[in-house]
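See below for the structure under consideration.
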Amino acid sequence: MRTVAVIQARMSSSRLPGKSLAEVAGRPLLAWVLERAQRAQRVDAVVVATSTDPSDDPIAALCATEGVVCHRGSLTDVLERTLGAAREARADVVVRLTGDCPLLDSAVIDGVVAARRDADADYASNLGGGFPEGVDVEAVRLDALERAAWEGETPADREHVTWYIRRTDGFTKASLRSDLPHRALTLHLSVDEQPDLDLVRGIYARLGADPAGAGVATVLALLDADPALARLNHGVVRDRWYYETIAAEPPTPARALAQGRSLALKERAGRVIPSYTQTFSKNPGQFVQGVLPVYLQRGQGARVWDVDGNEYVDTILGLGPIILGHNHPAVTGAITRQLAEGTALSLPHPVELEVAEELCALIPCADMVRFGKNGSDVTSAAVRLARAHTGRDVIASCGYHGWQDWYIGTTTRALGVPQAVRELTVPFAYNDLASLERVFTQHPGQVAGVIMEPFISTMPEPGFLEGVRDMAHRHGALLIFDEVITGFRLGLGGAQEFFGVEPDLACYGKALANGMPLSAIAGRAEVMRLLDEVFFSFTFGGEAASLAAAQATLAELRRPETFPHLWEVGQKLMDGFNVLAQRHRVSDAVRCDGLGARSVLVFSDPTLVLKSLLQQEVGERGVLTLGFHNVCAAMTDADVRDVLRAYNGALEVLAAAIDSGEPSRFLKGAPVQPVFRKV
């Protein structure tokens, strides 16, 4: 079968006009795309598909100079233009490439072509396969493309060529998956806006004698060595058209939620449970009361149902533990089997050892592991270990680390914590090495450990995490990463693997067991062996059902498709929110920041009125939120679209509320209350 690469290119980009011929390392950008496509071994010919519009005459001229066939067709119907190029080149299989991807990898092109051929599929791609955006390749049979042209009627079908095939059942599909580290998923290597062009120019300036031969692994290594370069286009939205299609749809209307049973249960709970429940972040005060539910009944996949039967897409996911989805069959099955053997046996069960060995293999800093039940258990154990190892008392902290006295004394929830204990923990600011240096200066020779969340909602500045590590060690203190949130969410090796900075100790919880209560402390053997003497012991530390759940969870997380999917759906939620916020002109009031694996809504309003209003409006549109996006492997594209459609309607209300000058008038209940504030 004759395989032809068709490169789509035009000069009339709305965000960066003329980008196809922008200069990169002394050549037009499109010339680099052509050379990289021509190096693919499984491609028989390369054709450029541009339009008949006079603005694209320079592209035709470049093709003539480069000796490449240029097919000219419709400016707006890109599908028909691509088909015309394929027919002219007598293609049986079309490799669809775009002219704004000057870092295409010829080996990836060959891999996608082979994946389609080996599966005898209508369509194959590396989309969602763990590759950075900008090395996208699709291979499609000509007859499948012709069917898409015949059946696809929406503007998106005509403009985005394979969109109909990707979203329609009845086409056989295959995929190519990457073995690149998960941090590759944060890269945006196509050229859509000026920061992208700046990045590409910076990469090409560093690629050496044969820049067209540098594959994606080489580019990733280069950016790892120069993180400031990698941040040049951080925050640029990819695939903006996808979100514009959602924005063009009618917003999801608000619905009246049944509340009877929830409110009755709340009244009963107020008589017997202080604060109504066991976790402050699940307290009714964290949700707009009288509008949103108080009690949930069940969960399945990425959705939950409250006790009154209302259904929601769940972006809270138990505050982070649900990484695979509610009631995941592999985890539920493992728990059920372990229940039959026992959960609290009088001696350790082998699963305790097996999970410990697996964590030692996955976590870079882990020579040894011990288990707890909550994140607070293991962060407190880490602090005690740091003090035992160094013979010092002071702890420098950054982030949230649980309910124990040593940390919570730094917040407004310090009631009951002795002043002497409060004075032993000193906070410092994220991305501010000078603030940490002040802690060491003000407490010379007294700091036992630096405990921090390595990623909160903003990316660490280049050199920040390395600087914290080096400063801690220079002053004789241990570095502790609190990975209760980032562990098994950024990747199997957590933030320390993602950012390439290894601590002395690390703490894990939440996603480790997909909702079962389990946490872990891991670290260097010389420190961890102090747990032979340091007291860290409780009845349920080795409870076997939770360990069996962790074993099943880790097995699912090892599947090659899991993390690329988590990052893809999370990126869509983050980018989609920001596009919709811009469309409704509220991006100065709220934005979404973070990484694909976890992102946070950041509000300019300190009163929490806008946060409450957004929560109210998306809740009435079928989405449960606390102002962040946890994602799970069960989350589908339909779930993502439902969340974004809810945001579209909610942001419309938010814009009206801001314009009114009195946004609190739009609230139907009391605004949410903060769990605590820093002192």
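In D210, the CG atom is crowded: over 12 heavy atoms of neighbouring residues, nucleotides or ligands sit closer than 6.0 Å. Counting heavy-atom neighbours within 6.0 Å of R559 CZ, excluding the residue itself, gives a total of 12 or less. Within 6.0 Å of CZ in R238 there are more than 12 heavy atoms belonging to other residues, nucleotides or ligands.
For the ring pair (Phe, Tyr, Trp, His ring centres under 6.0 Å) test, no residue two or more places apart in sequence or in another chain qualifies with F628. With sequence neighbours left out, the ring pair (Phe, Tyr, Trp, His ring centres under 6.0 Å) criterion links F371 to no other residue.
Classification of the F499-F455 ring pair by plane angle, with boundaries at 30° and 60°, yields tilted. Using the six-membered ring where Trp is involved, H401 and W406 have ring planes that are parallel, under 30° apart on the 30 and 60° scheme. Under the 30°/60° scheme for interplanar angles, the aromatic rings of F464 and Y430 are found to stand perpendicular. Note on ring orientation: taking the six-membered ring where Trp is involved, the planes of Y204 and W32 are tilted (angle from 30° to 60°).
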*Show the numbers, then the answer: is there a side chain to side chain contact (heavy atoms under 4.5 Å, CB included) between F563 and L492?*
CA-CA 9 Å; F563 280 104; L492 284 168; 3.8 Å; yes

*When you look at T607 and D605, which way does the side-chain hydrogen bond (donor to acceptor under 3.5 Å, both in side chains) test go after all the steps?*
CA-CA 6 Å; T607 68; D605 167 34; 2.6 Å; yes

*Q194 vs D198, side-chain hydrogen bond (donor to acceptor under 3.5 Å, both in side chains): CA-CA, chis, key distance, verdict*: CA-CA 6 Å; Q194 185 62 44; D198 295 339; 2.9 Å; yes

*T486 and E483: side-chain hydrogen bond (donor to acceptor under 3.5 Å, both in side chains), yes or no, with the steps?*
CA-CA 5 Å; T486 56; E483 294 223 46; 2.7 Å; yes

*Would you sort out whether M528 and I521 count as a side chain to side chain contact (heavy atoms under 4.5 Å, CB included), showing the intermediate values?*
CA-CA 9 Å; M528 289 293 292; I521 178 172; 4.2 Å; yes

*Could you give me the CA-CA distance, side-chain angles and deciding distance for L465 and M452, then say whether side chain to side chain contact (heavy atoms under 4.5 Å, CB included) is met?*
CA-CA 10 Å; L465 295 178; M452 65 178 299; 3.7 Å; yes

*Give the intermediate values and the outcome of side-chain hydrogen bond (donor to acceptor under 3.5 Å, both in side chains) for residues R240 and Q582.*
CA-CA 12 Å; R240 185 177 289 267; Q582 292 166 10; 3.2 Å; yes

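Between the D377 side chain and the S519 main chain, no donor and acceptor come within less than 3.5 Å of each other. Of the possible donor and acceptor atoms, one in the side chain of D432 sits under 3.5 Å from a partner among the backbone N and O of S435. Between the side chain of H565 and the main chain of M635, a donor-acceptor pair closer than 3.5 Å is present. Distance alone, capped at 3.5 Å, is enough to place a donor-acceptor pair between the D105 side chain and the A107 backbone. Not one N or O on the side chain of E193 forms a donor-acceptor pair closer than 3.5 Å with the backbone of R15. Put simply, the side chain of H182 never gets that close to the backbone of L490: no donor and acceptor are under 3.5 Å apart. Counting only distance, with no hydrogens or angles, the side chain of T562 and the backbone of A633 share no donor-acceptor pair below 3.5 Å. Judged by distance alone, the side chain of D593 and the main-chain N or O of T458 form no donor-acceptor pair under 3.5 Å. Checked by atom type and distance alone, the side chain of R36 pairs as donor or acceptor with a backbone atom of A214 at under 3.5 Å. The backbone N or O of M459 sits nowhere less than 3.5 Å from a side-chain atom of E461 that would complete a donor-acceptor pair.
C507 and I480 make their closest contact through SG-CG2, 4.1 Å (heavy atoms, listed as atom of the first residue, atom of the second, distance). Closest heavy-atom contact between I323 and N514: N-OD1, 3.0 Å. Nearest heavy-atom pair, E497 versus R183, reported as atom, atom and distance to 0.1 Å: O-NH1, 3.9 Å. Residue V631 comes nearest to R489 through the heavy atom pair O-NH1, 2.8 Å, listed as atom of the first residue, atom of the second, then distance. V618 approaches T625 most closely through the heavy-atom pair CG2-CG2, 3.5 Å. Listed here is the closest heavy atom pair of F428 and C398: CZ-CB, 3.5 Å.
The shortest distance between side-chain heavy atoms of R384 and Q404 does not fall below 4.5 Å. Counting only heavy atoms from C-beta outward, the side chains of E568 and E133 never approach each other to under 4.5 Å.
Here the CD1-CZ distance, from I246 to R583, works out to 11.5 Å after rounding to the nearest 0.5 Å. Separating the CH2 atom in W567 from the CZ atom in R598 is a distance of 12.5 Å, to the nearest 0.5 Å. Here the CG-CD1 distance, from L229 to I203, works out to 5.5 Å after rounding to the nearest 0.5 Å. Atom CG of L180 and atom CZ of F131 lie 6.5 Å apart (nearest 0.5 Å). Summarising the geometry, atom OG belonging to S599 is positioned 8.5 Å from atom CG belonging to N630; distances are rounded to the nearest 0.5 Å. Atoms CG and OG1, from L104 and T98 in turn, are 6.5 Å apart once rounded to the nearest 0.5 Å.
A salt bridge links D637 to K572: one of the charged nitrogens lies within less than 4.0 Å of a carboxylate oxygen. A salt bridge is absent between K19 and D196; no separation between the charged side-chain nitrogens and carboxylate oxygens falls under 4.0 Å. Using a 4.0 Å cut-off between charged side-chain N and carboxylate O, R524 and E502 make no salt bridge. Remark: R206 engages D226 in a salt bridge, criterion side-chain N to carboxylate O under 4.0 Å.
Partner of D504 under the side chain to side chain donor-acceptor pair (under 3.5 Å) criterion, chosen from H473, R469, H389: H473. Of the residues listed (V135, D224, V200, L103), the one engaging V219 in a side chain to side chain contact (heavy atoms under 4.5 Å, CB included) is L103, and it is the only one.
Remark: R413 is positioned above the aromatic ring of F280, its terminal NZ or CZ atom under 6.0 angstrom from the ring centre and at most 45 degrees off the axis.
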